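So the structure is just underneath, and the comments pick up after that.
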Amino acid sequence: MKYEIKQLSVENQKLQIPEITDTIILGDSLEIMRQLPDKSIDIIITSPPYNLLNSTGNGLKKNTHSGKWKNAAIKDGYQDYNDNMPYDQYVAWQRLCVAEMCRLIKDDGAVFYNNKNRVQAGLLQDRGEIVKGFPLRQIITWKRSGAINFNAGYFLPTTEQIYMLCNKNFKLVKGANKYTDVWEITQEMKNPHPAPFPEALIDRIISSVSGQIILDPFGGSGTTAVSAKKFDRNFILIEKSEVYCKMAQKRLEGEEWRK
Ligand SMILES: C[S@@+](CC[C@H](N)C(=O)[O-])C[C@H]1O[C@@H](n2cnc3c(N)ncnc32)[C@H](O)[C@@H]1O
């Protein structure tokens, strides 16, 4: 099966879902989402950049090529995105993105928004700030099997959050609530993208919901799309880096993509 990468103009174009179903869109997440109709998407699963290079610590600053974490891929940041915004600007941007996601889901739809609390300048940055005021129903704790930490002032954080924002008619499929709200799933190790989802995490979400059209507006290497196809669903990916779009395309088409 072949999957197209579409580069779309951003000038007030109104996009219809059938024309972009099972498509990788090369573009800016917010600009593309703004062109999609209200209540047109069943499920959104996404992980935005975490603003990791905006660090007060000593480890994740760009061009840190030495020390204990020299092999952590994320330290170099993304291909075409500088993950380093002033904190308030990052929160404001992410709130605009979440607002668009909530506009896009149907009355029985949900958004699974993954982010990670951080400590900066000695104080917790609670990512709950981003989803405040949106229809938050549950916070799933994703427990990874390890993590990186540059600071002796706090315990090694090993969890991330998945905020489940639901419209009123959203329901899990029968039996899915057995998974509980703490998911122990090992992070992805074999994907060259700097911050990929583990496929098992997305498999669990998609197998727990019944929606057909699944959007990931920060698509990266295409894990959400791969999982969607596994469960006979349709996907729409938005990703601003052409390198990652091509990675996702090759992965979906079953070609060598890990280089
Ligand atoms: C945490 S990664 C997502 C990884 C993905 N979940 C996977 O499994 O590979 C965030 C992605 O957002 C992309 N990105 C950053 N800014 C963007 C924007 N404004 N619009 C679309 N994508 C963006 C980055 O290039 C990066 O691939």
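None of these values were measured; they are calculated from a predicted model. Whatever order the structure lists them in is the order used to number ligands and atoms, beginning at 1.
Within 4.0 Å of ligand 1, protein heavy atoms come from G27, D28, S29, S47, P48, P49, Y78, Y81, W93, H193, A195, P196, F197, P217, F218, G219, G220, S221, T223, E239, K240, Y244.
A donor atom on one side chain and an acceptor atom on the other are not found under 3.5 Å apart for N234 and T21.
Here the options are Y244, W257, F218, the test is ring pair (Phe, Tyr, Trp, His ring centres under 6.0 Å), and the partner is H193; only Y244 passes.
Applying the salt bridge (Lys or Arg N to Asp or Glu O under 4.0 Å) test to pairs two or more places apart or on separate chains, those with a residue in residues 176-201 are E199-K230, E199-R251. The salt bridge (Lys or Arg N to Asp or Glu O under 4.0 Å) analysis of residues 39-50, with sequence neighbours excluded, yields the pairs K39-D107, D42-K106.
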Sequence neighbours left out, cut at 3.5 Å: what donor-acceptor pairs do the side chains of residues 131-141 make with other protein atoms?
residue, atom, partner, partner atom, Å
R137, NH1, F170, O, 2.9
R137, NH2, N167, O, 3.2

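Dense packing is recorded around NZ of K6, with more than 12 heavy atoms of other residues, nucleotides or ligands lying under 6.0 Å away.
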